[in-house]
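Chain letters run A, B, ... following the sequence lines, proteins first and then strands; every chain starts at 1.
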Number of protein chains: 2
Amino acid sequence: MKVILYLHDLYIEFAEYHYMLKQERHQLILRKLKSNRKVLSAHLSTELDVSEDTIRRDLKELEVKHLLYKVHGGALPLENKIQTYNERSVSDLDKKSKIAKKAVKLIHDGQVIIMSGSTTNLELAKIIPLKINATVFTYSIPIAMQLSLHPSIEIIFIGGKLNKSAQVTVGIDVVNSISSIRADICFMGTGGIDINRGMTEPDWEVAHIKKYMIQASDHVVAMCLSTKIMKAKRYLVVPIQNIDTIISDYEASNEIFKEFKDKGLIII
Amino acid sequence: MKVILYLHDLYIEFAEYHYMLKQERHQLILRKLKSNRKVLSAHLSTELDVSEDTIRRDLKELEVKHLLYKVHGGALPLENKIQTYNERSVSDLDKKSKIAKKAVKLIHDGQVIIMSGSTTNLELAKIIPLKINATVFTYSIPIAMQLSLHPSIEIIFIGGKLNKSAQVTVGIDVVNSISSIRADICFMGTGGIDINRGMTEPDWEVAHIKKYMIQASDHVVAMCLSTKIMKAKRYLVVPIQNIDTIISDYEASNEIFKEFKDKGLIII
DNA sequence: AAATATTGAGCAAAAAAACGCAAAAAAAAT
DNA sequence: ATTTTTTTTGCGTTTTTTTGCTCAATATTT
């Protein structure tokens, strides 16, 4: 490696001079981060013989490229970034509780109800009037816990393998249990509703379970965020004619529902 | 210790240092909290070599992010806070956790485990080492929730009618599900153990379910408060010879166990 | 009720980051 | 080869963050 210096009218050539390119520094920083699990700006500065400003700029660049994340004093690998409350908070909570308020009017004394495991259903579970007397089948732990605060709802929990992150049971046992149920009404959160492509889900297993839930119910209520109307996900649950009612945060009069109404669906 | 990096023809030596970044401290605190189920400010201060003020500020930050909750003297995992209504009147918690500490040594990789719905079992669920890989069948919501924080335990929730106060499922469905299981070991909280009258329960339905749990297991561990030894409740679960191991908060050498030992039971 | 331990608030020192600017170097254009 | 443009870098200054300390208030234990 050579370096050529222009000084006034002198031209000097240095044979062995290690000037480090920015990219080299970046690679170096990432390597060190990998083997060391952290890097400190101050140390990098002396070790790589550049100012701390430069290191800070390097780290900032690498952060933008999602190769690390910057903290006061240095940087850490992206994987140990701590999950914060906001990141896992429920999105569109206002819309979901609006839907729940409409849905709760469909619940009556003596019904046998199936509830899927969505956050919209959790909102619904919170606002079921205390005087209602009904039986609810669910496979969601949060919903079961919420309902257990209700004085007169009988809860049947559908067992199976527990999905830890969603806190719902899944698998063949769930399907078997549901197959032996006969329910009056079924409240279903949904990944997408489209007039042609029907009700769809991003997860195969969930789609499968929901299919049986719908089979087991006399009346099927799809609770659907407005953002998911006329959208489709990967896996079909049922075609649109298997659904009886759609509840969204839109007004029922919204023109987007025209075709659904033409097919005989109730829009709330 | 030194870190040496080779990059093309460059070789750079990094001096080792152990200044700790704030985020690293946070991660360590959370990790310790997860494995120890609690952290003490004074302890952390000396361990991480920073002032207690700093620790307090760390805990406060983590609390705002909903990653733990602060108490006088330290902090506890957030799960416990959710379960506070459950631990409303947990009596003899110290004795129960003493039992749990003994019981956890019986848990090994690859086991299929049945856990009944007692608070002693909840304590056990809290302290299962993170590296353990096993399958747990349970019909208790608090236990399922506690286990869902474990990275590698597979949880099978046994469905049925939910008993709201105990947060456990009961009924014929539970019996049916358990009948089809084959487990290595079964941890059972118990209402009473007596050398002649066997293991007994105050609730008929629970007694019935436990009978099937014991039938389904190769090894039966009865976890029993010292106050319940040589006591009997209303309904028989199984006679004493169907039990393999008794764990209590007494020393195993206690003379009260003499007759049990004579019958071949293991006392821990 | 007294003794001990823990906490919160305010403050100051030190370290790190941000910002604007200008020198230096590299790249591009002439 | 020279000029222009762009990029990179370091420096001085101002802000922000972090930390430890004191002291009064609170909580816990004896």
Side-chain angles (χ1 to χ4, degrees), chain A residues 1-30 32-33 36 38-65 67-76 80-82 84, chain B residues 7-8 10 12 15 17-30 32-33 36 38-65 67-76 80-81 84 93-94:
Chain A
M1 198 181 280
K2 282 188 293 189
V3 132
I4 301 166
L5 265 185
Y6 296 92
L7 190 63
H8 305 299
D9 44 354
L10 274 172
Y11 162 94
I12 305 171
E13 195 176 305
F14 292 89
E16 293 187 14
Y17 180 85
H18 273 176
Y19 173 79
M20 197 175 298
L21 295 164
K22 195 173 68 155
Q23 315 306 344
E24 283 184 290
R25 269 202 327 268
H26 285 190
Q27 288 186 60
L28 221 40
I29 291 171
L30 289 175
K32 183 176 183 186
L33 185 64
N36 238 15
K38 77 171 162 189
V39 288
L40 302 182
S41 310
H43 286 89
L44 285 174
S45 168
T46 62
E47 282 158 0
L48 305 183
D49 197 31
V50 287
S51 75
E52 286 198 36
D53 286 84
T54 302
I55 295 294
R56 260 193 289 279
R57 277 184 277 243
D58 287 341
L59 296 181
K60 208 178 283 182
E61 267 189 69
L62 293 169
E63 183 174 45
V64 171
K65 289 184 186 169
L67 296 169
L68 50 74
Y69 85 103
K70 231 157 76 66
V71 296
H72 194 96
L76 294 168
N80 356 359
K81 192 168 181 178
I82 305 177
T84 68
Chain B
L7 186 69
H8 306 304
L10 270 172
I12 296 185
Y17 49 85
H18 39 358
Y19 171 81
M20 196 171 292
L21 294 164
K22 192 175 68 154
Q23 277 72 6
E24 284 186 288
R25 269 199 328 265
H26 287 189
Q27 283 167 23
L28 276 172
I29 290 172
L30 288 175
K32 181 165 186 181
L33 187 62
N36 283 22
K38 77 172 168 191
V39 288
L40 303 179
S41 307
H43 237 254
L44 286 173
S45 169
T46 59
E47 267 181 24
L48 305 183
D49 198 30
V50 287
S51 75
E52 285 197 39
D53 289 79
T54 303
I55 296 293
R56 256 193 295 282
R57 275 184 278 242
D58 286 341
L59 296 181
K60 206 179 285 178
E61 264 190 73
L62 292 170
E63 182 174 46
V64 170
K65 288 185 180 173
L67 296 168
L68 51 74
Y69 87 105
K70 229 157 76 66
V71 295
H72 198 94
L76 296 171
N80 284 5
K81 202 181 178 188
T84 42
L93 193 61
D94 48 338

Produce the list of close N/O pairs, under 3.5 Å, pairing protein atoms with atoms of nucleotides 24-29 of chain D; give distances to one decimal.
none

Residues in side-chain contact (heavy atoms from CB on, under 4.5 Å) contact with A:D49, at least two apart in sequence or another chain:
none
Under a 4.0 Å heavy-atom cut-off, which of residues 51-60 of chain A touch DNA chain D?
A:S51, A:D53, A:T54, A:R57
Less than 4.5 Å apart, side chain to side chain, heavy atoms only: is that true for B:V50 and B:M20?
no
Flag side-chain contact, heavy atom, 4.5 Å: B:K60 against B:R56:
no
In whole angstrom, what separates [X]'s [atom1] from [N]'s [atom2]?
{"X": "A:H26", "N": "D:dT9", "atom1": "NE2", "atom2": "C1'", "answer": "12 Å"}
{"X": "A:E24", "N": "D:dT8", "atom1": "CD", "atom2": "P", "answer": "14 Å"}
{"X": "B:E63", "N": "C:dT7", "atom1": "CD", "atom2": "P", "answer": "12 Å"}
{"X": "B:M20", "N": "D:dG20", "atom1": "CE", "atom2": "C1'", "answer": "18 Å"}
{"X": "A:L40", "N": "D:dT18", "atom1": "CG", "atom2": "C1'", "answer": "14 Å"}
{"X": "B:Q23", "N": "D:dT18", "atom1": "CD", "atom2": "C1'", "answer": "11 Å"}

Specify the residue among B:E61 and A:D49 whose closest nucleotide of DNA chain D lies further upstream toward the 5′ end.
A:D49
Picking from A:V71, A:L68, A:L76, what satisfies side chain to side chain contact (heavy atoms under 4.5 Å, CB included) with A:K38?
A:L76
Name the residue from A:E47, A:K32, A:K70 that meets the side chain to side chain contact (heavy atoms under 4.5 Å, CB included) definition with A:V39.
A:K32
So, using side-chain hydrogen bond (donor to acceptor under 3.5 Å, both in side chains) as the criterion, who are the partners of A:H26 when residues are at least two apart?
A:D58
Can you list everything that forms a side-chain hydrogen bond (donor to acceptor under 3.5 Å, both in side chains) with B:S45? Sequence neighbours excluded, please.
none
Check whether any side-chain N or O of B:K70 sits under 4.0 Å from OP1 or OP2 of C:dG8, and answer yes or no.
yes
If you apply the rule side chain to side chain contact (heavy atoms under 4.5 Å, CB included), what do you find for A:L48 with A:I29, and how did you get there?
CA-CA 9 Å; A:L48 305 183; A:I29 291 171; 4.3 Å; yes
Please list, chain by chain and in numerical order, all residues satisfying salt bridge (charged side-chain N to carboxylate O under 4.0 Å, His left out) with A:E61, sequence neighbours excluded.
A:K22
